[in-house]
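Worth saying up front: this structure is predicted, and the values here are computed from it rather than measured. In this chain, residues are counted from 1 in sequence order.
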Amino acid sequence: MSISLPVPGDTVVTTYNELRDELSAYLNRSDLTSQFAGWIFKVEAEMNRRFAQSPVLPMHVVTPLTLATEYVDLPLSLIKIDELDVPDYWSIDFVDSRNIAALKDRNADAALPPRYYTQIGSKIRLCPAPQTSFTANLIYFEKIPQLNEISQTNWVIQDHSDAYLFGVLAYARTFEDDPATRDFCLSTFDAMLDSILSSYPTQTDNTPLRSDIGLLNRTCFA
């Protein structure tokens, strides 16, 4: 059996409100509007699960992070740390949580920032623990910024709005007990996520390697 979806028009969708309008036009049911926010949230959750193992370029961000205690809270949006860098000093090297205790007893210069970190849940543990405050650049991959009435746009809806559309339509057709169209929307949504993952090729680093201990010990996420 062939599956077809109505095409309301050539609307450009780049915001939360425009997505809601487009969904209403596809479904032609005003009684489902109250469900959209929940379905959009679930679609974003699925996108985050798919992209967590292979984050793409738009998810790569930087933010200042204050290092003033041994344990420091990480941003709630964080998926994976790429680098922790203290300007004018050095990049702080990652070590396994089982090894950081062995480094803790090393003499620390109170005037210098930490040399090592490990991630423990939603925090990082620094070694040596800072004796004063430093501002680091936390370079990391973040979750997809949530769409809602206040936060109207993000990189996915700007460049890949069809993924949102078919992801939400799959939930809508499940709600309507329309398994054939639901499966079509799910397979289309899945293919679009694969397409997004292949749309941002990894850049090649042509810098010659150095036999520097810090660099050899660093974990780098591509």
For [Y], is there any backbone N or O sitting under 3.5 Å from a side-chain donor or acceptor partner on [X]?
X: Trp90; Y: Pro114; answer: yes
X: Asn48; Y: Glu44; answer: yes
X: Thr153; Y: Thr14; answer: yes
X: Gln119; Y: Gly121; answer: yes
X: Asp21; Y: Ser24; answer: no
X: Ser161; Y: Gln158; answer: no
X: Ser195; Y: Ala191; answer: no
X: Asn154; Y: Pro145; answer: yes
X: Gln53; Y: Phe51; answer: no
X: Glu83; Y: Ser91; answer: no

When clusters are formed by joining ILVMFWY residues with side-chain heavy atoms under 4.5 Å apart, either directly or through shared neighbours, do [X] and [Y] land in the same one?
X: Leu126; Y: Leu74; answer: yes
X: Ile79; Y: Tyr200; answer: yes
X: Leu186; Y: Ile40; answer: no

Locate the shortest heavy-atom distance separating [X] from [Y]; write the atom from each residue and the value.
X: Gln146; Y: Ser151; result: O-OG, 3.3 Å
X: Val61; Y: Glu142; result: CG1-OE2, 3.6 Å
X: Thr118; Y: Asp96; result: OG1-C, 3.6 Å
X: Ile144; Y: Met47; result: CD1-CB, 3.3 Å
X: Ala163; Y: Phe189; result: O-CD1, 3.2 Å
X: Pro128; Y: Arg115; result: CD-N, 3.8 Å

Parallel, tilted or perpendicular, as decided by the 30° and 60° cut-offs, for the rings of Phe184 and Phe166
perpendicular
Check the orientation of Phe141 and His60. Use parallel for under 30°, tilted for 30 to 60°, and perpendicular for over 60°.
parallel
Is any side-chain heavy atom of [Y] closer than 4.5 Å to one of [X]?
X: Leu138; Y: Ile81; answer: yes
X: Leu147; Y: Tyr164; answer: yes
X: Leu76; Y: Lys143; answer: no
X: Tyr140; Y: Thr63; answer: yes

Is the Phe94 to Tyr117 ring centre distance short of 6.0 Å?
yes
Tell me whether Arg173 is salt-bridged to Asp183, with the criterion being a basic N under 4.0 Å from an acidic carboxylate O.
no
Between Ile157 and Thr15, does a side-chain contact (heavy atoms from CB on, under 4.5 Å) hold up when you go through it step by step?
CA-CA 7 Å; Ile157 198 167; Thr15 68; 5.7 Å; no
Step by step, work out the side-chain contact (heavy atoms from CB on, under 4.5 Å) result for Ile120 and Tyr71.
CA-CA 9 Å; Ile120 302 174; Tyr71 292 89; 4.0 Å; yes
